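Report on the following structure.
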Amino acid sequence: MTKTNSGDAMAERLDFAIALASHTGDQASLFQKEADIAAFAIDMKGQQDFVTAADKQAEDTIRAALAKAFPEDGFIGEETGGTLQPGFVWVVDPIDGTSNFMRRLPSWGVSIALIHDDSIMLGVIYDGASGKVFHARAGQGAFADAHPIRASSLADPSVALAITGHSRRTPFADYLWMLERLHDLGVDYRRFGAAALGLLRVADGSAELYFEAHLNSWDVLAGILIAREAGAIVDMPPLARLLHEGGPILAIAPNLETPLACLKQTRSASKAVTA
Ligand code: LIP
């Protein structure tokens, strides 16, 4: 990866992040195809929460490349951590959808976001299934490689598709509650196990909704910006809180925001209203 010197700090960072995501994603993809399953050398961070050698290798590659090109920028990564600092900070999930990746299932990707104070400035995601790199710069639209993408214009919940996510960080009853709401509204649903990619599917109009009750910043910051720039409505906690403790994420195609507004309520809030 070579850093361009255009004098536009954001354009330089975007070009670099796109090349870096593409390079890291291609390397991970090759590793996934060629490695014996034993080479994944899996560690557990918790129940059903995996780290493979490829996650570590990908994060090392991204961290080192960014530190060399932009030494003044901060870095927070899923595997190696980091701290918030004033100015630009990169927030990286080297492989989102690790559980799929290590089983050679198609839904995984490399997610690189750049934040500044309270704003997400850049989002770049390598989609492991297609090898495409999706990107967005705040205020400048969303793209799959060089092609502009738009969220779905559907307005009828009974033909809409939702992608949902769940981890053991939140009660299973909350997940079931959300599925029941979707079912009652006539929305069909899938669970693919990679939040960054779920947000991309809302951004490119393949699905109308993504919801997960708890996600960490590295899973979603790039996907949130890409979905928003593609026209989707995204509900998220304030950025400082998301960075500190994670939180719920709901992305909806714009014409379904009103018909699906009830999904913004949590199970506990709904119990309080009906009690
Ligand atoms: C995972 C996600 C998955 C979600 C989990 C987890 P990882 O990220 O994207 O969809 O349900 O909460 O965070 O661990 O594969 O990078």
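We're numbering straight along the sequence, starting at 1. Values below: all heavy atoms of this structure, side chains included; hydrogens, waters and symmetry mates excluded. Computed from a predicted model, the values in this text were never measured in an experiment. Ligands are counted one by one from 1 in listed order, and the atoms in each one are counted from 1 as well.
Using a 4.5 Å cut-off between side-chain heavy atoms of Ile, Leu, Val, Met, Phe, Trp and Tyr, with links allowed through other members, Leu182 and Tyr175 fall into the same hydrophobic cluster.
Considering backbone and side-chain atoms alike, Ala196 places every N or O at 3.5 Å or more from each N or O of ligand 1. Looking at Leu215 next to ligand 1, no N or O pair under 3.5 Å apart turns up.
For Asp184, the CG atom counts as densely surrounded, since its 6.0 Å shell holds more than 12 non-hydrogen atoms of other residues, nucleotides or ligands.
Residue nearest to atom 6 (C) of ligand 1, selected from Arg169, Arg191, Glu78: Arg169 (by heavy-atom distance). Looking at Gly97, Ala195, Pro94 and measuring to atom 15 (O) of ligand 1, the nearest heavy atom belongs to Gly97. Heavy-atom proximity to atom 5 (C) of ligand 1, evaluated over Glu212, Arg168, His166, is greatest for Glu212.
Listed here is the closest heavy atom pair of Trp218 and Val91: CA-CG1, 3.7 Å.
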Problem set entry | Derivation and outcome, salt bridge (Lys or Arg N to Asp or Glu O under 4.0 Å), residues Arg13 and Asp15 | CA-CA 6 Å; Arg13 283 169 172 77; Asp15 290 346; over 6 Å; no
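Ring-plane geometry between Phe70 and Phe16 is classed as perpendicular, the angle between the planes exceeding 60 degrees on a 0 to 90 degree scale with a lower cut at 30.
The shell of residues lying under 4.0 angstrom from ligand 1, judged by heavy atoms, excludes Ser99. The shell of residues lying under 4.0 angstrom from ligand 1, judged by heavy atoms, includes Ile95. Distances from ligand 1 to the non-hydrogen atoms of Ser167 include at least one value under 4.0 Å.
Taking atom 9 (O) of ligand 1 as the reference point, the nearest protein heavy-atom neighbour is Asp96 OD1, 2.6 Å.
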